[in-house]
There are 2 protein chains.
Amino acid sequence: MENYGEYFKALREAKNMTLRDVEKAADVSNAYLSQLESGKVKQPSPLTLYKLAEIYGVSYELLMEKVGYPIPNKEKKKEEAEKKSIAYRVGTISNDEELELLNYLKFIRNRKK
Amino acid sequence: MENYGEYFKALREAKNMTLRDVEKAADVSNAYLSQLESGKVKQPSPLTLYKLAEIYGVSYELLMEKVGYPIPNKEKKKEEAEKKSIAYRVGTISNDEELELLNYLKFIRNRKK
DNA sequence: TTATTTTGCTTGATATTGCAAGCAAAAATA
DNA sequence: TATTTTTGCTTGCAATATCAAGCAAAATAA
């Protein structure tokens with residue numbers, strides 16, 4: 001995102017907080033927050049983003065993405081999503097159910113020969 | 001991790017790469033890499049960590065953790081790991097197998113009543 | 001062995017993070 | 001209305017990230 005300063009400002013105003021409110025909550029100076037919101041900051045540290053994410057109720061990863069940091073597993077997330085798809089479609093599975101499924105899978109895998 | 005410099009050095013040596021090899025591959029100066037490995041760097045940028053992770057074949061998140069950055073979803077990751085556990089234990093599943101498993105699950109879930 | 005290249009490292013230099021202190025306009029209080 | 005407080009902002013300042021240039025030891029080639 002090019003001008004993410006406005007975005008941070010919007011987040012803060014959505015929470016009806018002043019720069020000094022956030023300063024206290026996040027332990028980040030109002031001076032720096034002001035600079036951040038007016039686009040004078042390039043790459044705020046992950047820790048700063050983490051604290052702001054908590055306060056503003058958005059995900060840490062989202063803020064990482066906004067400021068242009070690489071975010072973990074952007075690729076792998078999809079592979080994992082595929083692998084997980086069975087589990088997700090199936091919902092929560094009890095231990096007993098899992099055991100039966102594994103046995104059944106073994107069965108169908110041996111069935112052919 | 002306190003002294004993660006040695007860790008980066010070990011990663012590089014494990015790949016039998018010189019500082020200048022990594023410099024070329026990651027587009028990070030050998031000067032900086034040397035400082036990183038001798039503990040003179042506190043918080044290398046996420047982008048730098050990302051590039052090194054790729055080259056050294058470790059996860060971006062691991063390196064983030066090593067240098068002390070907060071890492072995303074430290075909680076959720078475990079829930080996900082649990083949900084994924086079935087899929088992982090089962091290995092890759094073909095579409096046919098999945099269909100059969102889902103049907104079988106429906107069967108065992110209706111069996112009781 | 002001598003010359004060349006490679007390698008790790010140090011040393012300024014520049015850019016950026018994040019802060020403390022302070023300032024002026026706006027808001028709240030007296 | 002006059003005074004106090006709040007709020008957003010600017011401005012140095014110290015610390016850090018990162019680099020280009022260069023240097024000396026080690027490795028390689030001649």
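Side chains included, hydrogens not; waters and symmetry mates left out as well; all remaining heavy atoms used. Chain letters run A, B, ... following the sequence lines, proteins first and then strands; every chain starts at 1.
- Computed from coordinates, the Tyr69(B) OH to dT16(D) P distance equals 12 Å when rounded to whole Å.
- A straight line from CG of Leu49(B) to C1' of dA17(D) spans 12 Å, rounded to a whole angstrom.
- Of all heavy-atom pairs spanning Pro70(B) and Met64(B), the tightest one is O-CE, 4.0 Å.
- Side-chain contact check for Ile55(A) versus Met17(A): some heavy-atom pair is nearer than 4.5 Å.
- As a whole-Å value, the separation of Leu33(B) CG from dA20(D) P is 12 Å.
- Heavy atoms only, all atoms of each residue included: Lys66(A) and Tyr4(A) are closest at O-CD2, 3.6 Å.
- Counting only heavy atoms from C-beta on, Thr48(B) has its side chain closest to dT18(D) among dT16(C), dC19(D), dT18(D).
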### Message
So if I define the base as every atom that isn't primed, P, OP1 or OP2, how would nucleotides 3-15 of chain D read as a B/S/- string at a heavy-atom cutoff under 4.0 Å?
### Response
----BBBBB----
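- The distance between atom CG of Asn16(B) and atom P of dA27(D), rounded to the nearest whole Å, is 14 Å.
- Not counting sequence neighbours, the partners of Ser45(A) by the side-chain hydrogen bond (donor to acceptor under 3.5 Å, both in side chains) test are Thr48(A).
- Hydrophobic clustering (side-chain heavy atoms under 4.5 Å, transitive across Ile, Leu, Val, Met, Phe, Trp, Tyr) keeps Leu36(B) apart from Leu47(B).
- Among the protein residues, Ser29(A) comes within range of the nucleic acid bases, having at least one heavy atom under 4.0 Å from a base atom.
- Scanning all heavy atoms of the two residues, the minimum distance from Lys15(A) to Tyr56(A) falls at CE-O, 3.5 Å.
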